[in-house]
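Just below is one structure, and these are the notes that go with it.
The structure displayed is predicted, hence computed values, not measured ones.
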Amino acid sequence: MTSSTTSPPIITTDLVLLDTAVDGDKQAVIARMVGSLAAAGRTNDADGLVGAAMAREQQSATGLPGGIAIPHCRSPYVDTPTIGFARLSPAVDFGAPDGPADLAFLIAAPDSGGQEHMKLLSSLARALVRKDFVEALRNASSADEVVGLVDGVVNPAPTPATPAPAAAPVEKSAAKTLIAITACPTGIAHTYMAADALAAAAKEAGVTMVVETQGSSGSTPVPAETIAKADAVIFATDVGVKDRGRFAGKPVIASGVKRAINEPAKMVAEAVAAADDPNAPRVEGSAGGGAATSSAPAGGVGWGTRTRQILLTGVSYMIPFVAAGGLLIALGFLFAGYEIANKPDGATQSLGNIIALNNSLTNLPSGGFTQYLGAILFSLGGLAFSFLVPALAGYISFAIADRPGIAPGFTAGALAVFVGGGFIGGIVGGVIAGFAALWISNLKVPKWFRGLMPVVITPLGASLFVGLIMFFLVGRPLALINTGLTNWLSGLSGTSAVLLGVILGLMMCFDLGGPVNKAAYAFATAGLAASTTASIQIMAAVMAAGMVPPLAMALATTVRPGLFSEPERENGRAAWLLGASFISEGAIPFAAADPLRVIPSMMFGGAVTGALSMAFGATSRAPHGGIFVLFAIDNKLGFVIALLAGTVAAAVAVIAAKQFIKPGAKKAERELAVAAA
């Protein structure tokens, strides 16, 4: 073997199962293969690894034509890249279009696996499109022979006389030049299998093809001069194409990555035909850079998948603002206490106010530099949080219209905050801005005018359009909703305290910092100055319920990590502190990506917490701070019990929803990119 001496081989004989009968479905096969990994000391949590592999199966089936299955995942349950193999008798259904699989590879990669690890794993995937390799696996008489075959493709010995498989020669009769982009959710297997299947089909058809794989082992962009010479492009992706505007104006055939593996020859033929068809779909936008992406799904990518891709793009760029801002605010509370949120000249206004704020802080019991540092941290966190909704809206717009959509998208997000729309307003504004920018970018203008479109005309026109929409159509309804909800809640204060707690809990968890959440919070803080028993009980219920969503998502990602992608698990780890600090926005990334299953679950937990907090009579004289202001809370035990009960209830609900409730559009669910590309 040529593997490094410091790392165990990627496959060994104890990871090979030959002619094995498994009583059950594909989950039973995966569990059996994971058992081999566990026996060999290759996994630190067998159940967790099975869950991670099955979560990947729920995204899209891993069965391939020809009786092959490649269940795979990246997870924290393995420390080194590992391949398990099973030759099944009888075969088991893994969702391939032509029937069950008798050859199964379990590819397990660590979360921290670098590019070299991913290249090893993708090498195996590419070999599986070769009929001679597959037949050799079926005819292997021993585990040693299987190990030798696999090792031969993941660690090939240098053979100068053998041409590199990726260097497909240009056929003399080649009449067309195609470019293919392949990308799957995890970027381990399907990305590279699709690339090789398309390349092989193109060679057989006498067509020159250049493939750009946007996978986990890195991506080398196709040179601009190659793009200029291409007759058509193929997008075989389950996630958004990076820098799609490079291909503006080219005829395009688009589909999910699985079609490129199943029907590569057909896709090549369709691309060749599109090159000669003046009415063929084209990558829309201006070819001079800053092009907009196509406004309509094509070639098998449905609106369900496209919508999820757009939302996930916005969420992925928003997450750093949530984590950084939330943690800075929490540190501010830790150093300066909850009083920092009540200062009339508070640090949330500007960093310039910190100097003046320091003079007043010196009289507080803690005094001095600690309070001053807390003010700085609180101010920095507030400033970072001020970009949360604009970043969400800006990159939703970017996902629709590429670079021309960024400025109007950020403008829409800022307007959503200004009019009280919260993150829901940011989503709506980002979508409006994106499609406005896309429409303007696609206007037919004289050639001499095109240079002004992406940098002046499109941002100006789209920003003006979305601004007018947000001001005239969105702002007033949201203001009326806020006022109406506040008045309604005030009328309920004399009725059942438990019922009021349920309502407040539902509102705090409905939009996570949006107008409904803010209405409930404003209702609580407005009555806090009176310091009546009812007012401080309401404040405790509101704060406890607002802590539930991030804490519940943190718990859910810890208990059932296989149901969540690695970015979601990372965000879940940060959500522990965000929830403990009463920063409900820590759950926004989860809610924005999967609102139909996450938001109702959070509302259920918030209702439980609000009801119990009011029933126990817990009170809070602090308007913010979470567990860091526990000293300002009376009946601490009741408050904590209510918080724990709601957190557990919400976590159980979201786990059950993720496990048993599938979105209505199953095709969209299979193609959804919930793992890092």
Side-chain angles (χ1 to χ4, degrees), residues 65 122 125-126 129-131 163-184 190-215 219-289 291-301 402 442 447:
S122 63
R126 306 182 98 147
V129 301
R130 291 168 28 203
K131 294 181 179 179
V170 179
E171 299 286 341
K172 293 181 179 180
S173 61
K176 302 295 180 186
T177 298
L178 304 178
I179 294 174
I181 306 297
T182 63
C184 69
H190 291 81
T191 297
Y192 303 99
M193 297 183 72
D196 281 2
L198 288 171
K203 181 179 178 181
E204 185 174 345
V207 174
T208 301
M209 175 173 284
V210 179
V211 182
E212 178 182 314
T213 54
Q214 297 181 353
S219 175
T220 302
V222 176
E225 57 270 21
T226 304
I227 296 175
K229 296 177 182 178
D231 297 292
V233 296
I234 295 174
F235 293 154
T237 67
D238 288 339
V239 292
V241 176
K242 298 175 184 176
D243 294 326
R244 180 179 177 131
R246 295 173 292 161
F247 308 99
K250 297 291 182 182
V252 60
I253 299 298
S255 77
V257 70
K258 290 291 289 294
R259 184 174 183 238
I261 299 173
N262 297 340
E263 302 176 342
K266 188 173 181 180
M267 290 195 71
V268 169
E270 290 175 358
V272 171
D276 295 323
D277 183 0
N279 298 318
R282 294 177 180 268
V283 182
E284 297 188 17
S286 303
T293 62
S294 174
S295 64
V301 178
D402 215 284
N442 291 331
K447 188 174 182 180

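Using a 4.5 Å cut-off on side-chain heavy atoms (C-beta onward), Val252 and Phe247 make no contact. Pro221 is listed as a side-chain neighbour of Arg246, based on a closest heavy-atom distance under 4.5 Å. At least one side-chain heavy atom of Lys266 sits under 4.5 Å from a side-chain heavy atom of Arg259. Residues Phe235 and Val283 form a side-chain contact, since some pair of their non-hydrogen atoms from C-beta on lies under 4.5 Å apart. Between Met209 and Ile234, some side-chain heavy-atom pair lies under the 4.5 Å cut-off. Inter-residue side-chain proximity for Val272 and Leu178 is flagged as met; some heavy-atom pair is nearer than 4.5 Å.
Smallest separation of non-hydrogen atoms from Ala194 and Ala260: CB-CB, 3.8 Å. Shortest non-hydrogen contact noted between Ala275 and Ala232 is CB-CB, 4.2 Å.
Lys229 pairs by the side-chain contact (heavy atoms from CB on, under 4.5 Å) definition with nothing, not counting sequence neighbours. When the side-chain hydrogen bond (donor to acceptor under 3.5 Å, both in side chains) test is applied to Asp276, the partners found at least two apart in sequence or on another chain are Lys176. Taking the side-chain contact (heavy atoms from CB on, under 4.5 Å) definition, one finds that Ala201 meets it with Pro264, Ala265, Val268, sequence neighbours left out.
Interatomic distance, CE of Met267 versus CG of Leu198, reported as 6.0 Å (0.5 Å rounding). Asp231 CG to Ile179 CD1: the interatomic distance, rounded to the nearest 0.5 Å, is 9.5 Å.
Glu212 places no side-chain N or O within 3.5 Å of a backbone atom of Ile181 that could act as its donor or acceptor partner. Counting only distance, with no hydrogens or angles, the side chain of Arg282 and the backbone of Lys250 share no donor-acceptor pair below 3.5 Å.
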